[in-house]
There are 2 protein chains.
Amino acid sequence: MAPTSEILTAERILEATEDVLRRHGPAKATVVDVARALGVSHGSVYRHFRTKAALREAVTKRWLDRTSGELSGIAAGDGAPEARLRDWLAALFAAKRRKAGGDPELFATYTVLTGENGAAVGEHIADLTSQLTRIIQAGVETGDFAAADPQATARAVFQATGRFHDPSYAREWEEPGAEADFRAVVDLLVRGLRP
Amino acid sequence: MAPTSEILTAERILEATEDVLRRHGPAKATVVDVARALGVSHGSVYRHFRTKAALREAVTKRWLDRTSGELSGIAAGDGAPEARLRDWLAALFAAKRRKAGGDPELFATYTVLTGENGAAVGEHIADLTSQLTRIIQAGVETGDFAAADPQATARAVFQATGRFHDPSYAREWEEPGAEADFRAVVDLLVRGLRP
DNA sequence: CGGCTGACAGATTTCAATATCTGTCATTCC
DNA sequence: GGAATGACAGATATTGAAATCTGTCAGCCG
């Protein structure tokens with residue numbers, strides 16, 4: 001951890017913070033740790049982020065945005081709306097499951113962070129439902145879907161599939177029936193969307 | 001708290017335990033407290049329940065069974081299946097919301113208890129989905145519903161409505177849009193069930 | 001007897017002292 | 001002159017000793 005002589009940027013602080021969170025977990029990751037990892041005094045960190053909470057929120061936003069990004073490609077695709085909807089939901093489930101199963105501790109860390117940041121999570125959910133709205137809207141236009149209010153319907157689809165993307169259910173994503181349960185719910189919803 | 005001279009039964013212990021939980025909350029409710037409330041020594045409580053965990057599990061089961069009981073009447077009803085399904089889901093949501101909103105502390109207490117008792121909760125969920133299965137089965141027989149595997153479909157309906165009965169979402173049940181969200185999800189599911 | 005008691009060992013919780021952290025800001029350094 | 005520092009006050013977390021609780025059991029009492 002020799003003092004890196006590069007200029008101290010918000011970006012570098014965020015990266016160091018992710019590292020510290022990975023190593024120490026959310027409860028024990030301090031601003032002092034972050035500063036130490038960067039070879040600067042903790043006062044310097046406060047020059048870029050007003051509070052520890054703001055720093056953690058920025059890290060949370062970054063992480064959530066990465067997930068949104070992975071999915072936006074599918075939402076913007078041009079296949080049949082029904083297939084696109086299924087793909088999008090499956091990709092969301094798969095991404096969450098991969099993160100939760102791949103590095104459970106890091107996932108737990110981010111679960112704590114999202115719990116702290118209602119606002120950032122709210123924006124993320126708004127982003128995802130807006131992607132869903134676009135898919136459903138497209139389906140309505142092609143006549144594949146019937147939905148009086150595509151936005152409300154997107155919300156309903158998102159909420160109905162909560163068990164397959166809400167982190168509080170992560171424990172159950174690796175259980176035997178999870179995949180079948182997911183398909184059953186998606187099938188039911190897709191049938192409900194048809195005219 | 002004068003020593004009641006009645007015979008000490010499991011039933012009386014359960015009632016006293018509920019009282020103590022109501023008063024002290026789940027973290028501070030001790031077996032000694034329960035014994036004191038009954039005017040007996042804590043050794044006597046251990047005669048009826050092997051461990052503190054077993055005592056708490058029994059209390060949890062009791063509470064969950066009360067909820068199941070409230071709903072079984074609707075499931076066993078004889079109205080049109082679609083209406084029965086809507087009524088049942090609405091009653092489940094209403095019951096949970098009433099409990100969560102009416103006495104938030106007690107609800108939090110029971111939320112902790114259910115968190116401790118995966119097994120009891122599993123049975124409760126199995127009971128509820130079996131009620132749902134009966135409704136859907138009835139709908140299949142009258143031709144109101146199409147479902148290749150009513151049990152799997154019941155599971156899907158239960159899981160898709162999780163946000164409106166899972167205690168971890170209790171915070172959101174009092175928000176403005178909750179009722180509309182509920183209706184949107186139920187509408188989508190009911191449409192999905194139709195032949 | 002058969003349910004109940006109360007003393008006990010080990011586990012868990014509480015509490016207060018101690019150490020660390022957060023956030024500020026006058027000062028330093030390039 | 002503008003970024004970085006480090007000392008500081010108040011808030012928060014850690015620690016270890018004392019208190020309480022859990023679960024057992026030999027003996028009491030009706």
Side-chain angles (χ1 to χ4, degrees), chain A residues 1-60 105 108-109 112-113 115-117 119-120, chain B residues 1-60 105 108-109 112-113 115-117 119-120:
Chain A
M1 300 310 132
T4 317
S5 58
E6 269 177 74
I7 277 189
L8 187 61
T9 67
E11 181 64 20
R12 281 188 65 221
I13 293 174
L14 287 175
E15 243 135 55
T17 306
E18 285 186 355
D19 256 27
V20 169
L21 281 166
R22 216 185 304 277
R23 263 200 274 288
H24 301 345
K28 302 179 78 180
T30 72
V31 176
V32 172
D33 288 332
V34 173
R36 195 170 16 238
L38 288 162
V40 300
S41 81
H42 75 278
S44 302
V45 173
Y46 279 97
R47 174 163 302 283
H48 292 84
F49 296 92
R50 264 202 314 304
T51 64
K52 182 190 187 183
L55 174 56
R56 287 165 81 108
E57 181 178 13
V59 170
T60 308
E105 279 194 44
T109 291
V112 171
L113 288 188
E116 286 170 6
N117 285 83
Chain B
M1 302 309 137
T4 318
S5 57
E6 269 179 74
I7 276 190
L8 186 61
T9 67
E11 182 64 21
R12 281 187 63 220
I13 293 174
L14 288 175
E15 243 135 55
T17 306
E18 284 186 356
D19 256 27
V20 169
L21 280 166
R22 216 184 306 275
R23 262 200 276 287
H24 300 345
K28 302 178 78 179
T30 72
V31 176
V32 171
D33 289 332
V34 173
R36 195 168 20 238
L38 288 162
V40 300
S41 84
H42 73 280
S44 302
V45 173
Y46 279 98
R47 174 163 302 284
H48 292 86
F49 295 93
R50 263 202 315 300
T51 64
K52 182 189 188 185
L55 174 57
R56 287 164 81 109
E57 182 178 12
V59 170
T60 308
E105 280 196 44
T109 292
V112 170
L113 288 188
E116 287 171 5
N117 283 83

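Computed from a prediction, not measured in an experiment: that's the story for all the values here. So you know, we letter chains A, B, ... as the sequences are listed, proteins then strands, and number each from 1.
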Could you give the [atom1]-to-[atom2] distance, from [X] to [N], as a whole number of Å?
| X | N | atom1 | atom2 | answer |
| --- | --- | --- | --- | --- |
| A:D33 | D:dT12 | CG | C1' | 15 Å |
| B:F49 | D:dT22 | CZ | C1' | 16 Å |
| B:K52 | D:dT22 | NZ | P | 4 Å |
| B:K28 | D:dA19 | NZ | P | 17 Å |
| A:L8 | D:dG2 | CG | C1' | 14 Å |
| B:R36 | D:dT22 | CZ | C1' | 14 Å |
| B:L38 | C:dT5 | CG | P | 10 Å |

So what does A:V32 hit on the nucleic acid, given a heavy-atom distance under 4.0 Å: a base, only sugar-phosphate, or nothing?
base
At 4.0 Å (heavy atoms only), tell me whether A:T30 reaches a base, stays on the sugar-phosphate, or touches nothing.
sugar-phosphate
Decide yes or no, distance alone: a donor-acceptor N/O pair under 3.5 angstrom between the base of D:dA3 and the side-chain of A:R47.
no
More 5' along DNA chain D: A:H42 or B:R50, using each one's nearest nucleotide?
A:H42
With the side chain counted from C-beta on, respond yes when A:H24 and A:D33 share a heavy-atom pair under 4.5 Å apart, and no when they do not.
yes
Is there a side-chain contact between B:L14 and B:E18 in this structure, where contact means two heavy atoms from C-beta onward sitting under 4.5 Å apart?
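When only atoms from C-beta onward are counted, B:E18 and B:L14 do not touch, as no gap falls below 4.5 Å.
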Quick one: closest heavy-atom pair of A:G25 and A:T109, and the distance?
CA-OG1, 4.0 Å
Can you tell me if B:H48 uses its side chain to pair, donor with acceptor, with the backbone of B:L8 under 3.5 Å?
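The answer is yes, because a donor-acceptor pair under 3.5 Å joins these two groups.
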Residue closer to the 5' end of DNA chain C, A:Y46 versus B:H48 (nearest nucleotide):
B:H48
Does OP1 or OP2 of C:dG6 have a side-chain N or O of B:S41 closer than 4.0 Å?
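The answer is no; no side-chain N or O of B:S41 sits under 4.0 Å from OP1 or OP2.
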